[in-house]
Amino acid sequence: MFSKATKGVSDKLASDITHAPDASGSRKPARAPSLISDNITIEGSVVGEGELQIDGVVRGEVRVDKVTIGETGHVEGAIFAEVVETRGRVIGQISAKQVRLYGTAYVDGDITHEQLSMETGAFFQGRSLKFQRPAAPPAISAPTLVSDAEMRDATPTAQVG
């Protein structure tokens, strides 16, 4: 019924699911999001790589790649991430490329973003500031030579009369 060949195939499938290719094409283990559950309160900064799910309370700065704040989640401090999704409460600034406020979200603070979306029912009090990409420097034209005749034609003359 269960043969070694079948087991080998299922092991390979499991390996394919838990290992995602990175930029170099090699496979590395997929990371599960870190979780701050609803019965946890953290006083201080949370810094790391990867994804963070906050269902508890964080009083301090949060710096991760992606942060998801659940309905019971509460952050009192600045959030810096690539992606921020919130269903809970944030008191402080958010700075991220993508910010999504769900219908149960409550945000009191400025949001700096490239992309911001809000569902009906979300509360937001603060300023929405779009990331300003650096402007391309203006093209500098090469100086042109002007002949004496062109200078005489361009110079205004006064007539006395």
Side-chain angles (χ1 to χ4, degrees), residues 1-2 4-141:
M1 188 154 123
F2 296 105
K4 288 188 179 190
T6 304
K7 185 177 183 216
V9 170
S10 65
D11 288 345
K12 181 177 180 343
L13 290 174
S15 173
D16 287 345
I17 291 169
T18 59
H19 294 77
D22 64 9
S24 65
S26 64
R27 296 192 178 266
K28 62 180 183 178
R31 292 184 182 174
S34 297
L35 173 65
I36 298 173
S37 66
D38 60 358
N39 58 349
I40 300 292
T41 298
I42 294 182
E43 303 259 347
S45 298
V46 178
V47 179
E49 294 179 3
E51 188 174 340
L52 175 64
Q53 169 81 29
I54 300 174
D55 291 328
V57 177
V58 175
R59 290 189 182 103
E61 187 175 280
V62 177
R63 286 183 182 267
V64 294
D65 293 335
K66 179 181 180 184
V67 63
T68 303
I69 302 166
E71 288 186 23
T72 61
H74 184 98
V75 176
E76 293 178 18
I79 299 173
F80 300 93
E82 293 290 314
V83 178
V84 174
E85 296 180 349
T86 185
R87 291 174 175 83
R89 188 175 187 91
V90 177
I91 309 296
Q93 79 175 45
I94 297 173
S95 182
K97 285 185 178 179
Q98 295 178 344
V99 179
R100 180 161 188 176
L101 307 181
Y102 289 89
T104 57
Y106 178 98
V107 176
D108 187 355
D110 296 345
I111 299 176
T112 304
H113 59 86
E114 281 186 16
Q115 186 178 48
L116 172 65
S117 63
M118 293 175 56
E119 287 185 353
T120 302
F123 175 87
F124 170 51
Q125 179 173 302
R127 294 180 300 168
S128 168
L129 306 165
K130 188 130 172 110
F131 276 136
Q132 297 297 321
R133 295 191 184 265
I140 300 173
S141 60

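All values below come from the heavy atoms of this structure, side chains included, with hydrogens, waters and symmetry mates left out.
- For the atom pair Ile79 CD1 and Arg63 CZ, the distance stands at 11.5 Å (nearest 0.5 Å).
- With sequence neighbours excluded, no residue satisfies side chain to side chain donor-acceptor pair (under 3.5 Å) with Ser34.
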List the atom pairs, donor and acceptor, that lie under 3.5 Å between side-chain atoms in residues 46-54 and the rest of the protein, sequence neighbours left out.
{"from": "Gln53", "atom 1": "NE2", "to": "Asp55", "atom 2": "OD1", "distance (Å)": "2.9"}

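- Evaluation of the side chain to side chain donor-acceptor pair (under 3.5 Å) rule for Glu71 yields no partner, not counting sequence neighbours.
- For Arg59, the salt bridge (Lys or Arg N to Asp or Glu O under 4.0 Å) partners at least two apart in sequence or on another chain are Glu43, Glu76.
- In this structure, the separation between NE2 on His113 and CD on Gln98 is 12.0 Å, given to the nearest 0.5 Å.
- Across every non-hydrogen atom of Thr86 and Ala105, the tightest pair is O-CB, 3.4 Å.
- Listed by chain and number, the residues in a side chain to side chain donor-acceptor pair (under 3.5 Å) with Ser37 are Asn39 (sequence neighbours excluded).
- Atom CD1 of Ile69 and atom OG1 of Thr104 lie 10.5 Å apart (nearest 0.5 Å).
- Scanning all heavy atoms of the two residues, the minimum distance from Val75 to Gly60 falls at CG1-O, 4.3 Å.
- For Arg89, the salt bridge (Lys or Arg N to Asp or Glu O under 4.0 Å) test picks out no residue, with sequence neighbours left out.
- Inter-residue side-chain proximity for Lys66 and Glu85 is flagged as met; some heavy-atom pair is nearer than 4.5 Å.
- Val84 places none of its side-chain heavy atoms less than 4.5 Å from the side chain of Ile111.
- At least one side-chain heavy atom of Arg87 sits less than 4.5 Å from a side-chain heavy atom of Thr68.
- Taking the ring pair (Phe, Tyr, Trp, His ring centres under 6.0 Å) definition, one finds that Tyr106 meets it with Phe123, sequence neighbours left out.
- Listed here is the closest heavy atom pair of Tyr102 and Ala122: O-CB, 3.2 Å.
- Applying the salt bridge (Lys or Arg N to Asp or Glu O under 4.0 Å) criterion to Asp110, with sequence neighbours excluded, gives Arg127.
- For residues 91-105, every residue pair satisfying the salt bridge (Lys or Arg N to Asp or Glu O under 4.0 Å) rule, not counting sequence neighbours, is listed here: Glu82-Lys97, Arg100-Glu119.
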